[in-house]
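All remarks here apply to the structure that follows.
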Amino acid sequence: MSADASVATTDAPFLRMEGITKRFSGVTALDGVDFALVPGEVHALVGENGAGKSTLVKIMTGAYRRDGGEMWVEGRPAGFATPADAQAAGVVAVHQEIHILGFRTVAENVFLGREPRRWGVIDWRRMNDDTARLMAELGLDLDPRAALGTLSTARQQMVAIARGVSLGAKVLVLDEPTSSLAEREVAILYALIRRLQAQGTAIVYISHRFDELYAVCDRVTVLRDGKLVGTRALAGLERLDLVCQMLGKSREEMQAGDAGFAPDAPASADEPLLHADGLRRGTRLRGVNVEVRRGEIVGLAGLLGSGRTETARALFGADPAEGGSIRLKGKAIEPRSPDDGIAAGIAFLSEDRKAEGIIPELSVGENLTLAALPTLTRFGIVSRAKQQALVERYMTRLGIKASSSQQKIRELSGGNQQKVLLARWLCTDPELLIVDEPTRGIDIGARGEIQALVNELAAGGMGVLMISSDLEELVEGSSRVVVLRDGEDVARLARGEVTQDSIIRAMAGGSATAAVASAVTPASASDEPSAPAAEVGA
Amino acid sequence: MSETTLAAVPRAGRRRLRLSGPTAGAAIALGVLVGANALLTPNFASAGNLWNVLLQVSTVLLVAVGMTLVISTGGVDLSVGSVMAIAGAVAATTLDRGIPVAIAAGLGAAAVVGLLNGVLIARFRIQPIVVTLATLIGGRGIAQVLSNDGELVPIDNPSFEFLGKGHLGPFPTQVVVAIVAVALGAFLLRATPFGRYVLAAGGNPAAARLAGVPVWRTIITVYVLSALLAGMAGLVEAAKLGASDAAKIGLNVELDAIAAVVVGGTALAGGRATVFGTVIGALIMQVIATSFNMLLVPYAWSLALKAGIILFAVYLQRPRRV
C-alpha cells in the first residue's frame with residue numbers, strides 16, 4: 001500500500017505541482033503534496049472529506065494562494081493570485097454548485113465578462129453565433145438564446161463546461177459533476193469529457209462515486225489528511241485497495257467492518273406500517289403504490305424524473321398528493337403540509353442538504369432540535385436543559401463531530417451536517433423514516449456510519465423508505481425495492497430478486513433506451529416549455 | 001434533572017450575550033463615542049443629559065426592536081412610520097371614549113396594518129420592500145384622513161399624556177416602555193420556539209418548512225409585532241406632543257430603525273439577530289445627534305457621520321473570504 005508516487009508518462013505534464021503546502025490559521029490543510037496533469041488525461045482526485053482535495057484544486061485554480069511548494073504550467077513556474085489569472089493560463093474550475101445567472105441567456109453566461117463588442121456595445125449576433133458554433137463543436141444541442149434558469153441542471157452544467165472550453169481551458173476541474181445529473185445525462189457528460197480529452201484537455205475529476213471514476217478516469221491521486229497517499233493508473237487498481245488507501249486502513253479491516261446496510265433485517269408480517277395507494281400529482285406522479293412494513297428498508301429506485309422524490313414529498317405532505325390514499329398504521333391520513341406528516345409520525349430527510357436541510361446560521365444544537373421544539377417547550381419557553389440533554393444524546397449516538405453543540409452547522413463537513421439532520425428527525429420519534437439520497441456527496445466514512453444507523457433504526461422497528469440513485473446502495477441496503485418509471489411503480493423486487501441488473505431492467509422496462517427517453521421527457525418538457533425538442537445529445 | 005449536563009457544558013443562553021463580530025464593533029464604537037463626549041463635550045456626562053439621550057431614543061428603539069425581528073426573517077418593514085401616525089390618529093380621535101379604548105383602538109389599527117403586511121408577504125409572496133412601501137404610502141394617507149384631512153388633533157388628557165411625559169418612579173414612562181419592549185424582543189428571540197422559528201424562516205425558509213416550522217404564521221406574526229411596537233411608539237409620540245400630527249409623527253423613523261438594526265449587527269439577509277446590538281445601534285445614532293447638537297455643530301454634519309457609521313457597520317458584516 002505504499003505510495004507509488006508517480007506513474008511513468010510519456011507526455012510532459014501540462015501542469016505540475018510539487019510539495020504544495022497550505023495552512024489555515026495554524027491548521028495544515030495540505031502538507032507537501034505533489035500533483036501532475038498530462039494533456040489529454042482524466043485524473044481522478046479522491047479522498048475523504050478533509051483530505052485536502054478542494055484546497056488543492058483551489059490553489060490550482062487561483063482561489064487560494066499556496067504557503068509552500070512549487071507549481072509549473074507548461075514547464076514555466078506559475079502562481080495564480082486570482083481565478084482570473086488561472087483562467088488566463090488555461091486552468092478553469094467548474095464547480096459542484098454552478099455559478100450562473102439564471103435570468104440571462106446561455107450565450108450571455110458563456111461570454112460573461114468578455115462579451116464581444118462592436119462600437120462599444122455588445123455584439124449580440126456575434127455572441128449568439130459564436131455560442132452556437134461552440135455548442136456544435138462540443139456536440140451539444142443548446143439554444144444560445146434560452147434563459148439559463150429554464151434549463152435542466154444537466155444542461156446548465158454543460159453550459160458551465162462550454163464556458164470553460166471557450167475560455168481556452170487546457171485544464172478543466174470538474175467537482176462532483178454528476179451530483180445532480182440523471183443517468184442519461186451522465187452519459188452525455190462522459191461523451192463531452194471524451195471529446196475534450198481527445199482535444200488534449202486535461203481534466204481533474206472529483207467524485208465520491210467509484211463507478212464514475214472507473215468509467216472515465218485514467219489515473220487517480222489519493223489524498224488523506226492533507227497528505228499525498230499516491231498517484232497511480234486506475235486500470236488494474238482494485239476498488240477495495242482504493243478505498244483502503246483513502247481511509248488509511250488495511251484490507252483485512254475493511255472486510256471485517258460492515259459496510260452497507262444489513263439486508264436481512266427482520267420484517268414483521270402483520271399489517272404494513274405504510275400503505276400508499278395510487279398516489280397522483282400532476283404529470284410527475286401517475287399512480288404510485290408503496291408499502292413499508294415495520295423493520296424493513298424499502299428501496300425506491302428509478303431514474304431522475306421517475307417520481308421518486310415526488311412520492312416521498314407526497315407521503316410527507318411537502319407537496320401533497322392530488323389523488324390516491326395513504327394509510328399509516330392502518331389509519332387513513334391526508335398530509336397537506338410537512339406539519340401533518342410530522343404529526344402522523346413521518347420523517348423526511350431531503351436530498352438537498354444545503355437548500356432544504358440546514359439552517360446555516362443556527363448552531364448544531366438549534367438545527368438538531370428544530371423539528372422537536374414543541375416537545376421541549378413548557379409555558380412557551382424552550383427548556384435549555386432538556387434541549388441540551390437531547391442534543392448531547394444524539395451527538396454522541398450518531399458520532400457528530402463538532403467543536404461543540406454551539407458551533408454553527410455551516411462550519412461542519414457534509415457528512416456531519418447530514419447526521420445532524422438525521423438526528424433532527426430521530427428526536428421526533430418517527431415511525432416511518434423517508435430518506436432521499438441519504439449518502440449523496442458524503443465521504444465514505446460518514447456514509448458507512450449513516451448506512452449502519454439506518455440499518456439499526458429499521459432493526460429497532462422503524463419503517464424506512466430509502467430513495468437512492470446509487471444502485472449498489474439499493475442492492476446492499478434494501479429488504480425490498482420498488483422501482484418507479486414515469487410516475488408509476490413498475491416493479492417490486494422481493495428480497496433475493498434485488499440485484500443491480502434487475503433494478504436497471506425494471507427502470508428501463510424492456511428496451512432500455514426507450515424507457516430512458518420516456519422517463520426523462522416529462523422532466524425536460526416541464527423544464528423547458530419553449531424548446532421541448534432540444535435534447536442535449538451528441 | 002440534568003444538573004450534570006448543565007455544569008458540564010456552557011449554557012446556550014450565554015452565547016448570544018457574548019460580544020462577537022459586528023455587535024462587538026458597535027459596542028466599542030459606542031464606548032468610544034460616549035468616552036470622547038464625556039471628555040470633550042461640556043455637560044455631556046451630566047445625569048440630565050443622559051436621561052435626555054434615553055428619552056429621545058425610546059421611540060426609535062420601540063420601532064427598532066420590531067424591525068430586528070422583521071429583518072432577521074430576511075424582510076424589512078418600511079411602514080412603521082405610517083403605522084405610528086395611524087395609531088396616534090386613531091387614539092386621539094377615540095380618546096373621548098376613555099383611555100383604554102383609545103389605546104386598544106390605536107394598537108388594534110396598527111395590528112391590522114401589520115396583519116395586512118404579513119399576509120401579503122407570507123401568503124401572496126409579494127416582496128416585503130414592496131408591500132411595506134405600499135403601506136408606508138397608503139398608511140400616511142389613511143392617518144391624515146382619520147384626523148380630518150391632516151389637521152392636528154389635540155390631546156387634552158393628562159392621563160394619556162402620562163405615556164409620553166410622565167415618570168414611573170425616577171424613570172420616564174416612555175423609557176420604561178422601551179425597556180420592556182427590548183426585554184420582550186430579546187426574550188422572544190432567545191427563549192421561545194417562536195424566536196427559533198424566526199431565525200429558521202430567515203435563514204433557510206425551505207428547510208424550515210420541511211422541518212415543520214410554521215413559516216407563514218411566523219412571518220405574519222413578525223409583521224404584526226412590528227406594527228404593534230410601532231403603534232405603541234405612535235401613542236408615545238402623540239402623548240409627548242400633546243396632539244396627533246398625522247403628517248409628521250413617525251416620519252422617516254423606518255430609516256432610523258433600520259440603521260440601528262444594521263449598525264447593531266443583525267444580518268440584513270436574515271437568519272441572525274441581536275436585540276442587544278440594536279439597542280447599541282440606536283444609542284450610537286442618538287449619541288451622535290445629541291452631542292453634535294450640544295457642540296453646536298450643524299445638524300447636517302451629524303447626518304454625514306451617521307451615514308459613515310452605517311456604511312462602516314455593513315462593511316464589518318460583509319461575508320468573509322479565506
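Quantities reported herein were computed from a predicted structural model and do not represent experimental measurements. Just so we're on the same page: letters track the sequence lines, and every chain starts at 1.
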Test item: A:N416 side-chain N/O and A:I400 main-chain N/O as donor-acceptor pair under 3.5 Å = no
NZ/NE/NH1/NH2 to OD/OE distance under 4.0 Å, A:R281 and A:E310 = no
Supply the atom-to-atom distance A:I358 CD1 to A:S350 OG, rounded to the nearest 0.5 angstrom.
-> 11.5 Å
Who are the ring pair (Phe, Tyr, Trp, His ring centres under 6.0 Å) partners of A:F80, not counting sequence neighbours?
-> none
When the ring planes of A:F316 and A:W425 are compared, do they come out parallel, tilted or perpendicular, using 30° and 60° as the limits?
-> perpendicular
Can you find a pair of side-chain heavy atoms, one from A:M462 and one from A:L426, that are under 4.5 Å apart?
-> yes
Checking [X] against chain B: side chain, backbone, both or neither under 4.5 Å from a heavy atom?
X: A:I342; result: side chain
X: A:S404; result: neither
X: A:R313; result: side chain
X: A:A318; result: both

Structural part of B:F194 lying under 4.5 Å from a heavy atom of chain A | neither
Cut-off 3.5 Å, side chains only: do B:S72 and B:T266 have a donor facing an acceptor?
-> no
Are A:D175 and A:S54 linked by a side-chain donor-acceptor pair shorter than 3.5 Å?
-> no
Residue by residue, which of residues 210-225 of chain B have a heavy atom closer than 4.5 Å to a heavy atom belonging to chain A?
-> B:L210, B:A211, B:G212, B:V213
